[in-house]
Enquirer: 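Next up is a structure, given as structure tokens.
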Number of protein chains: 2
Amino acid sequence: MSELEQYIGAYFEGITENEIATVASLFQLEQLKKGDFYLKEGKSCDKLSFISSGILRIYKTLDDKEVTQWISTQGYFVTDLASLIFRSPARWSIYSLTDTTLYTINRTDYNLLHTIVPRWAEIEKLFLAKCFVTLEERVFSHLSLSAEERYNLFFEQNRELFNQIPLQYLASMLGMTPETFSRIRKKSLR
Amino acid sequence: MSELEQYIGAYFEGITENEIATVASLFQLEQLKKGDFYLKEGKSCDKLSFISSGILRIYKTLDDKEVTQWISTQGYFVTDLASLIFRSPARWSIYSLTDTTLYTINRTDYNLLHTIVPRWAEIEKLFLAKCFVTLEERVFSHLSLSAEERYNLFFEQNRELFNQIPLQYLASMLGMTPETFSRIRKKSLR
DNA sequence: TAAATTTCTTGATTTTTGTCAAGTGCAAAC
DNA sequence: GTTTGCACTTGACAAAAATCAAGAAATTTA
């Protein structure tokens, strides 16, 4: 069983082995060099990808600054969901912070999945529900935690990221400036 | 066509009139007096409701404070999604800030919907995707906006709430203290 | 390897937001 | 209608976080 198949099995609860193989066959290998764009804000995002290896940064450019919405790593799916599903202009730019290997399905094949895998919509619904709950928790962290508490929580769960990418992006993703991030980091290293 | 049916039609894109009627018939009228609980943290949430009238507050109690995650009003659906779908203990308490009229479907019937309405899972997937995108925007507001900017944005879109419920709950929902909220409010009234 | 670029750190300072405490206004309850 | 609670406001102050600027460290490029 390929890596992709294993992940599909893990992500989409209750999917059968046959279904996994069928789904996996619709994904194409896609390679990004460090610095390549996966998606640019305003374009249409007509694909969904699974990250086999590498790190992507999802961000938006405002007048005076860039805001990093999320850092996506091995094992995550990546897309602009609103653009993929509702065909709205992409809200995010996405580019690679390292050389990256993706498995990508285009919108056409993605939309066929429910005809190939009867339970697909149900499976995807469960997947989306999980994503929704994760985001609820993330909102809650901004309502209830200080910058330092958000740092510590994220650090516990994502230590490995801290020596792989520029920390300024993690700072932005956690809703603080690089300077604040640096000071909290110094404190927590002692 | 009843109010509930109209809203179902609006929420779940592409659903047919017959399907709407079938779905609507599974919802039961539920009345809450001001101050009644819809759900308590830690319990199982085995229902999903549509708010016909009234206002609900969704919050969590921490050691030292209560944090309001969301204020739900007419036209919204309300539940603890993780608890409804994955049967985990409810993360939120939900109670009514005013007398409230709901249309409620229990988990058993909810889980039958896909057998009654063939496209249900697909419809629900689209609905969840919309919810996800809304939460993405909410996270982004915390990464990119100041307390004052979040206040103004929310005020523009939800003026009517500001004279219907205690403002401290809106403050909490926007991630600031009642005092900060009050000062911003004073400024923006001038 | 050296130069250039980017990232990170640090200090000084300002701004924003939170905390604490007192007081006002209002509405529900008696 | 007086009392009792809330909810809200306000002021003084403290803490958290942002900003600005300079320089150090690390990484990339030549």
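Remember, it's a predicted structure, so these values are computed and weren't measured experimentally. Chain naming here is simple, since letters A, B, ... match the order of the sequence lines and numbering starts at 1 in each.
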Enquirer: Taking the six-membered ring for Trp and the full ring for Phe, Tyr or His, determine whether the centres of B/Phe27 and B/Phe50 are under 6.0 Å apart.
Expert: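 No, the ring centres sit 6.0 Å or more apart.
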
Enquirer: Among D/dC8, D/dA18, C/dT19, which is the nearest nucleotide to the side chain of B/Gln168?
Expert: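 Nearest listed nucleotide: D/dC8.
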
Enquirer: Select from B/Phe181 and A/Ala147 the residue whose nearest nucleotide in DNA chain D is closer to the 5' end of that strand.
Expert: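 That would be B/Phe181.
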
Enquirer: Compare the minimum distances between each of C/dC8, D/dA18, D/dT9 and the side chain of B/Arg185, then state the nucleotide with the smallest one.
Expert: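 The answer is D/dT9, which lies nearest to the side chain.
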
Enquirer: OP1 or OP2 of D/dA18 less than 4.0 angstrom from a side-chain nitrogen or oxygen of A/Thr180, does that happen here?
Expert: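 Yes, A/Thr180 has a side-chain N/O under 4.0 Å of OP1/OP2 on D/dA18.
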
Enquirer: Between P on D/dA16 and OH on A/Tyr151, what's the gap in Å once rounded to a whole number?
Expert: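 Going from OH in A/Tyr151 over to P in D/dA16 covers 17 Å.
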
Enquirer: Is a donor-acceptor contact shorter than 3.5 angstrom present between the side chain of B/Glu179 and the base of C/dC20?
Expert: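 Side chain to base: pair present.
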
Enquirer: Using atom CD1 of B/Ile184 as one end and atom C1' of C/dT15 as the other, report the distance to the nearest whole Å.
Expert: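 Distance, rounded to whole Å: 13 Å.
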
Enquirer: For B/Phe86, give me all partners under ring-ring contact (aromatic ring centres under 6.0 Å, His included), at least two apart in sequence or on another chain.
Expert: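 Counting only residues at least two positions away or on another chain, B/Phe86 forms no ring-ring contact (aromatic ring centres under 6.0 Å, His included).
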
Enquirer: Round to a whole Å and report the spacing from CZ of B/Arg57 to P of D/dC6.
Expert: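 Taking CZ of B/Arg57 and P of D/dC6, I get 14 Å after rounding.
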
Enquirer: A/Ser49 pairs by side-chain hydrogen bond (donor to acceptor under 3.5 Å, both in side chains) with which of A/Tyr103, A/Tyr76, A/Tyr38?
Expert: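 Per the side-chain hydrogen bond (donor to acceptor under 3.5 Å, both in side chains) rule, the option paired with A/Ser49 is A/Tyr38, out of A/Tyr103, A/Tyr76, A/Tyr38.
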
Enquirer: Would you kindly give the CG-to-C1' distance between A/Asn163 and D/dA25, to the nearest whole Å?
Expert: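 Checked: the CG to C1' distance equals 16 Å.
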
Enquirer: Looking only at side-chain N and O atoms, does B/Thr98 offer a donor or acceptor that is under 3.5 Å from a partner on B/Gln164?
Expert: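 Distance-only check fails for B/Gln164 and B/Thr98.
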
Enquirer: Using a cut-off of strictly less than 4.0 Å, decide whether B/Lys186 has a side-chain nitrogen or oxygen near OP1 or OP2 of D/dT10.
Expert: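 Affirmative; the distance criterion is met.
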
Enquirer: Which nucleotide, C/dT10, D/dA7, C/dG18, lies nearest any side-chain atom of A/Ser182?
Expert: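 Selected nucleotide (nearest to the side chain): C/dT10.
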
Enquirer: Let me know the distance between CD of A/Glu149 and P of D/dA16, rounded to the nearest Å.
Expert: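 For the pair A/Glu149 CD and D/dA16 P, the rounded distance is 10 Å.
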
Enquirer: Within this structure, what is the CG-to-P distance between A/Leu167 and C/dT6, rounded to whole angstrom?
Expert: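 Distance check: A/Leu167 CG to C/dT6 P gives 17 Å.
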
Enquirer: Of B/Val117, B/Ile8, B/Ile116, which meets side chain to side chain contact (heavy atoms under 4.5 Å, CB included) against B/Glu19?
Expert: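 So the option named by the test is B/Val117.
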
Enquirer: Pick the closest DNA chain C nucleotide for B/Leu145 and for B/Lys34 by heavy atoms, then say which residue is nearer the 5' end.
Expert: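 Upstream on the strand: B/Leu145.
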
Enquirer: With the side chain of A/Arg183 defined as its heavy atoms from C-beta on, choose the nearest nucleotide among D/dT19, C/dT17, C/dC8.
Expert: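 Nearest listed nucleotide: D/dT19.
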
Enquirer: For A/Leu97 and D/dT28, what is the distance between atoms CG and P respectively, to the nearest whole Å?
Expert: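 In whole Å, D/dT28 P lies 12 Å from A/Leu97 CG.
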
Enquirer: In this structure, how many angstroms lie between the P atom of D/dT9 and the NZ atom of B/Lys187, rounded?
Expert: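 From B/Lys187 NZ to D/dT9 P: 15 Å.
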
